Engineer: 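Would you mind keeping the following structure in view while I ask a few things?
Predicted model, so just to flag it, every value in this text is computed and none were measured. In each ligand, atom 1 is the first atom listed, and ligand 1 is the first ligand listed.
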Amino acid sequence: MYIDSHAHLFKADYGNELHDVIQRAADAGVESIVVPATNISTSREAIELAERHSGVYVCVGIHPHEAAKAASNDLDTVADLLSHPKVVGIGEIGLDYYYDFAPQDVQVGLFKDQVKLAIETDYPIVIHTRDSIAETMGIVEEIIGQDATWRMGAFEDGQAVRYPRGVFHCFSGNESDAWRVINMGFYVSYPGIVTFKKSPVLTTLERIGYDHLLLETDSPYMSPVPYRGKRNEPAHIGIIAERIAEIVDASKEDVARATRFNSKRLFGIGEPDEPCIAYQLRNSLYLNITIRCNADCVFCDRKGAAIVKGYSLRIAEEPSLDQIIASIGNPLDYEEVVFCGYGEPTIRLDVMKDVARWVKSRGGRVRLNTDGHGNIINKRNIVPELVGLVDVVSISYNTSDPEQYGRLMRIDGKRFHQAMIEFTRECKRLLPRVVMTIVELPEVDIEKARKDIEETLGCEFKLRPYF
Ligand code: SF4
Ligand SMILES: [Zn+2]
């Protein structure tokens, strides 16, 4: 199921066909459509449409193209319309210096006012920017930079959870722009341009992956190939999802699920997903057997929302052996079954071994993702017990520097770094395959880590992006 986070379903473009367009979208697996307005009149029109169709939601606001025509009380009207139950955000707002529909200072003024309104009312924003990315990011940074709580969002179970605060739609920035907006708590989205052959956005998309992405058609514009040049509609979203999946090296289902989750979270629509024990990514099945960990890494979302690619891993209770096995189904349906959640699997060593034994007895393959502290956690050398049960072990190396290791994982760096190395050596001696991973943090000396992993420890090296 998809969510089209950006489709201008207005009569001016679709006339009396809107009902059919929405029906075709539903037939194509689109469960919700967010319609961003462009001025007061389209805000009201979109609200009427949303009142008639349960899956349609609205963002109200003044588009930069309309900035010059905006009346002095328009902002008050936008604020009033926010109280409608189908209104889920403020948009489409921003800056457009490509077209010359409104003087730049007028656009800037209106944009700033609408961002401030979003902060006051706690609504997410949908941002349009064309030939103006630096100035748009500057304004957002300046305004939300003054209000960290807005950026950080609410607290859940006493923990600060960083809620997304908006989306830069039809994103045209480069990779560093993308990380900058993601860092500010924003998503990015790409319509049909990803299906065009020489689009400059493809490299950026490939680099940032799909964790911070929404799907959008930007209907009636930006039709994907093979509809390029024709009027676009939300039913085409699957073509865009498929192309994005190719670029980010994921399955179409992964992209659909993760972006759907992101849209739900951003706009507060639909039911929250149930936390899962087993979750599939590409052809692997991951098992989330615990949320406990002996470490507390600075880059880990375990105590936050605990989301992985649209799956919620915030389980309230640890699953039993039977529940885990039931969640697997047939291990031969997957390339591998991986112990990997927001917790350290070796904390539940006995359960883990029983599950692995069950998978192996059915001919499946098992991987263990671990922090490498299993021997300290279990107060004995556990590696011999993994022989015959684990085909691949993937250990978080993090850094070659024990002090930095301690800072990053918020543990006794010297003791645990040493223990991780000893664990790795044992795995290398007894298990078929050992991979060591590094999170791409700016402060970590990646080249030194790579050398130590490959040359000193003789293991495979894998770099994981930070977000
Ligand atoms: S070791 Fe893994 S699960 Fe534990 S805090 Fe670090 S990243 Fe999170
Ligand atoms: Zn738009």
Side-chain angles (χ1 to χ4, degrees), residues 4-10 12-13 33-39 42-43 46 58-66 89-96 98-99 125-130 159 166-172 189-193 214 216-222 232 234 286-308 313-315 338-348 368-374 376-377 394-399 405-411 413 416-417 419-420 423 436-439 441 464 466-467:
D4 185 351
S5 66
H6 199 110
H8 301 285
L9 299 187
F10 304 137
D13 299 289
I33 302 169
V34 179
V35 179
T38 51
N39 55 28
T42 54
S43 293
V58 180
C59 291
V60 292
I62 318 287
H63 194 284
H65 289 171
E66 302 281 321
I90 296 181
E92 165 172 6
I93 62 176
L95 304 176
D96 193 319
Y98 178 80
Y99 292 108
I125 47 183
V126 175
I127 296 179
H128 167 106
T129 159
R130 193 153 182 206
Q159 295 289 339
V167 54
F168 277 70
H169 110 94
C170 196
F171 190 69
S172 57
S189 59
Y190 297 97
I193 39 174
L214 304 185
E216 65 155 316
T217 56
D218 200 12
S219 300
Y221 318 107
M222 291 283 175
N232 198 6
Y286 291 78
L287 300 178
N288 174 32
I289 67 169
T290 182
I291 204 145
R292 286 183 289 154
C293 187
N294 65 304
D296 185 15
C297 297
V298 291
F299 47 80
C300 180
D301 191 28
R302 181 170 66 91
K303 293 180 176 171
I307 306 297
V308 172
L313 303 191
R314 269 176 81 108
I315 40 172
V338 189
F339 291 97
C340 176
Y342 274 116
E344 170 50 37
T346 60
I347 283 184
R348 298 190 75 197
L368 164 65
N369 286 7
T370 174
D371 64 11
H373 304 159
I376 294 193
I377 293 167
S394 174
I395 303 166
S396 315
Y397 182 76
N398 289 336
T399 168
Y405 189 76
R407 272 199 311 278
L408 290 175
M409 299 185 81
R410 294 192 273 227
I411 45 174
F416 282 93
H417 196 272
M420 180 266 297
F423 180 84
M436 301 198 87
T437 63
I438 294 269
V439 176
L441 295 168
R464 289 166 36 208
Y466 174 26
F467 286 90

Engineer: Side chain of His8, backbone of Pro220: donor and acceptor closer than 3.5 Å?
Structural biologist: no
Engineer: To the nearest 0.5 Å, tell me how far Met420 CE sits from Met409 CE.
Structural biologist: 8.0 Å
Engineer: Taking atom 8 (Fe) of ligand 1 as the center, what protein N, O or S atoms are found at less than 2.8 Å?
Structural biologist: Cys300 SG
Engineer: Are there protein heavy-atom neighbours of atom 2 (Fe) of ligand 1 below 4.0 Å?
Structural biologist: no
Engineer: State which residues pass salt bridge (Lys or Arg N to Asp or Glu O under 4.0 Å) with Asp13; sequence neighbours excluded, sorted by chain then number.
Structural biologist: none
Engineer: Working note: His169 + Glu92, criterion side-chain hydrogen bond (donor to acceptor under 3.5 Å, both in side chains); need CA distance, chi angles, decisive distance, verdict.
Structural biologist: CA-CA 9 Å; His169 110 94; Glu92 165 172 6; 2.8 Å; yes
Engineer: To the nearest 0.5 Å, tell me how far Tyr397 OH sits from Thr437 OG1.
Structural biologist: 11.5 Å
Engineer: Please report the interatomic distance OH(Tyr98) to CZ(Arg130), rounded to the nearest 0.5 Å.
Structural biologist: 4.5 Å
